[in-house]
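Structure first, commentary second.
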Number of protein chains: 2
Amino acid sequence: MTTSIKDVARAAGVSPATVSRALGKGPVSEALRAQVLEAVRATGYRPNLAARRLRSQESGTIGLVLADIGNPFFTGVARAVEAAAYEAGLRVLLCNTDEDPAREAAYLALMQEERVAGLILAPTRATAEGLAEAPPAMPVVLIDRPGPPGLFDSVLLDNAGASAALVDYLVAQGYRRIAGLFGQTSGTGVERAEGYRAAMARHGLAPALRFVLPQVEAAEAGFAALCQQGRPEAMITSNSLLLMGLLRAARGAGLRIPADLALAGFDNEPWTGLVEPGITVIEQPLEAIGRQAMALLLERLRTPSAPVRKVMLSGRAILRGSTASAPPRPQSSTKTPPPSSFTL
Amino acid sequence: MTTSIKDVARAAGVSPATVSRALGKGPVSEALRAQVLEAVRATGYRPNLAARRLRSQESGTIGLVLADIGNPFFTGVARAVEAAAYEAGLRVLLCNTDEDPAREAAYLALMQEERVAGLILAPTRATAEGLAEAPPAMPVVLIDRPGPPGLFDSVLLDNAGASAALVDYLVAQGYRRIAGLFGQTSGTGVERAEGYRAAMARHGLAPALRFVLPQVEAAEAGFAALCQQGRPEAMITSNSLLLMGLLRAARGAGLRIPADLALAGFDNEPWTGLVEPGITVIEQPLEAIGRQAMALLLERLRTPSAPVRKVMLSGRAILRGSTASAPPRPQSSTKTPPPSSFTL
DNA sequence: AAGCCGACTGAGAACGATTTCATTCATGCC
DNA sequence: GGCATGAATGAAATCGTTCTCAGTCGGCTT
């Protein structure tokens with residue numbers, strides 16, 4: 001039996017309504033407010049959020065549904081979202097779907113039942129497509145992955161632009177036979193593959209790409225497949241797990257990087273700078289993505305009828321030794337250049 | 001205006017009570033149940049969890065309060081806890097305190113207000129100490145970090161044993177001047193430091209240790225401090241962030257590993273196996289920790305008066321090149337041995 | 001001085017579900 | 001055939017809070 005507002009009221013010698021006002025914002029005389037606060041302390045009263053939410057019809061909570069909590073990209077975004085939500089006086093309900101559309105659907109239903117004020121969502125491709133037909137009952141902001149065009153606010157990386165920039169850079173470094181390995185569960189993988197394809201075409205080069213599950217093992221298999229018809233000079237990939245798989249596979253095959261194979265990918269995870277040589281990656285602005293998503297959601301809550309907005313953020317290319325020298329040109333500069341970066 | 005159970009009742013031509021029973025477990029004729037389900041589908045009804053919780057006085061939720069969601073150790077444990085909770089029909093409310101006692105206190109209060117059934121908690125030292133005087137109103141299981149002895153169920157790594165094993169191994173490898181760098185915010189760091197100190201004493205070696213904040217930068221500073229009076233031959237550390245900082249600092253100082261400095265630490269993160277040479281670490285059984293914690297909590301909920309239990313799990317030492325050869329003995333085996341492991 | 005206004009307070013309804021209690025109805029038993 | 005039994009259903013209370021409404025009281029205007 002927990003203590004309720006009535007117990008506090010009795011202890012303070014006032015009505016429950018006064019207790020509620022003293023703790024909330026209603027007008028209460030200073031004397032009574034002090035009495036109430038004292039009674040709260042004495043009884044150890046904690047308001048019941050379920051009752052509060054039921055009565056006031058607002059949860060003070062937003063949902064954050066992510067595909068993979070183990071991925072530093074998402075934990076970084078989650079941090080930023082939580083910080084921004086906290087500043088706005090909102091709580092965050094965090095859910096992890098592990099890229100499973102079924103769990104995703106279950107969590108979306110749960111969010112509905114929790115009556116969250118809004119949702120920030122990184123959908124799998126399957127869910128993203130279904131979103132058009134059965135839109136959730138609350139405002140939704142998509143992050144990281146595209147949804148049905150024009151229906152939801154979203155904040156995305158310029159994925160096509162980023163992978164095109166990687167291709168451009170590799171070409172400028174002298175690489176020609178550039179293969180691509182992309183994740184198949186997310187729209188992000190598709191967009192990055194498109195950027196890769198377009199850039200290769202622009203340079204008059206033949207694309208060689210493959211879609212796989214975003215797992216280390218799948219990447220090792222993908223590596224073998226991409227090497228089937230002659231080994232590429234360079235590989236780019238859309239995902240840090242795949243990048244890790246490629247690195248493992250390349251090392252397993254006894255390849256030197258970048259002499260035998262150049263590597264580049266997405267997400268500036270700690271290990272990409274710690275291995276030798278460092279891996280060239282596109283760094284995503286995690287903090288900005290999270291805060292921007294929260295900002296969009298807050299404005300949508302304020303003015304539900306505002307036009308749908310799509311915010312595109314640029315990544316930053318972090319150039320490291322894995323893309324240093326090109327094999328065809330007989331430059332013997334095996335020395336890896338100092339790490340540098342440019343904004344896309 | 002969302003649809004409530006009354007709307008469904010009206011649509012199905014029954015009473016709200018019958019709808020509740022049809023969706024829950026009460027006795028309802030098959031005919032009516034079908035009617036109700038059809039009405040639910042037609043109206044798009046989703047039960048209001050706030051109302052349900054208020055009435056039934058149970059949240060069906062447990063709290064999981066972690067120190068650092070960016071740390072793969074905690075995300076791994078969180079995954080396991082969530083999976084186990086899901087199997088038990090419970091939801092998980094995940095909170096990230098970032099090692100900040102103030103936020104920790106705020107979240108504990110929140111858990112109280114959410115009326116969670118129980119709590120799994122990785123407390124900072126500050127909170128762990130306060131726990132004895134002001135225990136939460138619900139069952140608590142501590143993980144990863146010790147609390148006031150004998151008060152709470154807990155599942156911990158054998159921290160002292162693990163770091164003693166690291167020292168023993170380093171000594172066996174021929175190292176003598178072994179320094180230690182430990183995190184100061186968690187009880188874990190303290191326990192691991194104790195194990196280090198005891199093992200050093202057992203070998204008749206002089207300890208050299210330092211406590212710092214669990215941050216990469218702090219570790220780099222700590223490295224300098226430990227090198228103040230002559231560089232050690234080996235360093236061990238209690239935390240993967242600190243490990244990363246030590247590696248950075250050692251590289252920055254131009255030291256070869258392990259020839260100039262051997263390194264070992266905790267948590268088998270991907271990068272520890274990807275850098276050259278690989279880093280020797282103690283791997284913690286994340287899955288087992290999470291599931292064991294959940295199991296303890298469930299049993300505690302079932303029988304609140306059962307005696308307090310403390311489960312100690314052992315880690316697994318993963319031996320890599322960073323602790324390969326010892327400098328004093330003139331063995332010139334620079335070749336790193338193949339990675340192996342042993343259970344503590 | 002009467003009336004009015006504003007600030008404060010309490011009584012009670014309401015939020016949406018579950019659950020107790022009472023009612024109905026069919027069935028089985030003697 | 002009458003009565004007890006039990007299952008299925010509905011009416012209404014209830015969970016703990018907020019919020020509307022009405023009422024009190026002191027001070028201020030005319």
Side-chain angles (χ1 to χ4, degrees), chain A residues 1-37 39-40 43-61 89 91 109-117 137, chain B residues 1-37 39-40 43-61 89 91 109-117 137:
Chain A
M1 187 53 204
T2 74
T3 76
S4 84
I5 202 171
K6 286 185 191 170
D7 303 315
V8 178
R10 203 173 313 125
V14 298
S15 77
T18 300
V19 175
S20 174
R21 281 189 277 252
L23 297 177
K25 54 187 158 104
V28 187
S29 69
E30 272 316 309
L32 277 198
R33 160 165 284 128
Q35 272 182 54
V36 168
L37 292 182
V40 166
T43 54
Y45 166 72
R46 288 277 122 205
N48 182 323
L49 281 185
R52 172 176 296 184
R53 288 204 262 255
L54 173 59
R55 169 63 226 208
S56 59
Q57 295 290 76
E58 55 191 32
S59 61
T61 301
R91 286 219 341 98
L110 178 71
M111 291 296 148
Q112 200 105 242
E113 300 182 0
E114 292 273 11
R115 302 292 193 268
V116 298
Chain B
M1 188 52 204
T2 73
T3 75
S4 85
I5 201 172
K6 286 185 191 169
D7 303 314
V8 178
R10 202 172 315 123
V14 299
S15 77
T18 301
V19 175
S20 173
R21 281 189 276 251
L23 296 176
K25 53 189 161 104
V28 187
S29 70
E30 271 317 309
L32 277 199
R33 162 166 282 130
Q35 274 181 52
V36 168
L37 292 182
V40 166
T43 54
Y45 167 71
R46 289 276 121 207
N48 183 322
L49 281 183
R52 172 177 298 185
R53 290 203 261 255
L54 173 59
R55 169 62 228 213
S56 60
Q57 296 290 76
E58 54 191 32
S59 62
T61 302
R91 285 218 343 98
L110 178 71
M111 292 294 147
Q112 199 105 240
E113 301 182 1
E114 292 273 10
R115 303 293 194 267
V116 298

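Reckoned from all heavy atoms, side chains included, excluding hydrogens, waters and symmetry mates. Quick note on labels: first sequence line is chain A, next is B, and so on, each numbered from 1.
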Exercise for the section: Using a 4.0 Å heavy-atom cut-off across all strands, classify A:Leu32 as base, sugar-phosphate, or nothing. Expected result: sugar-phosphate
Handout entry: Side-chain-base donor-acceptor pair under 3.5 Å for A:Arg21 and C:dG10
Key = yes
Exercise for the section: Measure from the side-chain N and O atoms of B:Gln35 to the backbone N and O of B:Gly13, and report whether any donor-acceptor pair falls under 3.5 Å. Expected result: no
Exercise for the section: Find the distance between CZ (A:Arg91) and OG1 (A:Thr61) and round it off to the nearest 0.5 Å. Expected result: 5.5 Å
Problem - Inter-residue atom distance B:Asn48.CG - A:Gln57.CD, 0.5 Å rounding - result: 7.0 Å
Handout entry: Closest to the B:Asn48 side chain, choosing from D:dA12, C:dG16, D:dT17
Key = C:dG16
Problem - 4.5 Å side-chain heavy-atom contact, A:Val8 and A:Val14 - result: no
Practice task
Let me know the distance between CG of A:Asp7 and P of D:dT17, rounded to the nearest Å.
Solution key: 9 Å
Completion exercise
Side-chain atoms of B:Val28 come closest, of C:dG16, D:dT9, D:dT17, to D:dT9
Practice task
Write down the distance between CD1 (B:Ile5) and P (D:dT9), rounded to a whole number of angstrom.
Solution key: 15 Å
Handout entry: Rounded distance (Å) that lies between atom P of C:dA7 and atom CZ of A:Arg33
Key = 15 Å
Completion exercise
To the nearest angstrom, the CD-C1' distance between B:Gln35 and D:dA8 comes to 13 Å
Exercise for the section: Look at the side-chain N and O atoms of B:Ser15 and state whether any lies under 4.0 Å from the OP1 or OP2 oxygen of D:dT9. Expected result: no
Practice task
Just compare D:dA11, C:dT18, C:dG10 and give me whichever is closest to any side-chain atom of A:Ala17.
Solution key: C:dG10
Practice task
State whether A:Gln57 places a side-chain N or O below 4.0 Å from either non-bridging phosphate oxygen (OP1 or OP2) of C:dG16.
Solution key: yes
Fill in the blank from the handout: dist A:Arg10:CZ -> A:Ser4:OG (nearest 0.5 Å) comes out at 7.5 Å
Exercise for the section: Ignoring backbone atoms, establish whether B:Ser29 has a side-chain N or O less than 4.0 Å from OP1 or OP2 of D:dT9. Expected result: yes
Completion exercise
note: B:Arg46, atom CZ; C:dA17, atom P; distance rounded to Å ~ 12 Å
Handout entry: Sidechain-backbone polar pair: B:Arg21 side chain, B:Pro27 backbone, donor-acceptor under 3.5 Å
Key = no
Handout entry: Phosphate contact (D:dT14 OP1 or OP2) by B:Arg55 side-chain N/O below 4.0 Å
Key = no
Exercise for the section: Provide, to the nearest angstrom, the distance between the CZ atom belonging to B:Arg52 and the P atom belonging to C:dT18. Expected result: 5 Å
Exercise for the section: Specify the residue among A:Pro47 and B:Glu30 whose closest nucleotide of DNA chain D lies further upstream toward the 5′ end. Expected result: B:Glu30
Exercise for the section: Ignoring backbone atoms, establish whether B:Thr18 has a side-chain N or O less than 4.0 Å from OP1 or OP2 of D:dT9. Expected result: no
Fill in the blank from the handout: From the candidates D:dT9, D:dG16, C:dG10, the one with an atom nearest any side-chain atom of A:Val14 is C:dG10
Practice task
Whole angstrom is fine here: how far is it from NZ in B:Lys6 over to C1' in C:dT18?
Solution key: 13 Å
Practice task
Could you work out which one of C:dT9, C:dT18, C:dA17 sits closest to the side chain of B:Ser56?
Solution key: C:dT18
Practice task
Would you mind reading off the distance between B:Leu49 atom CG and C:dA17 atom P, rounded to a whole angstrom?
Solution key: 10 Å
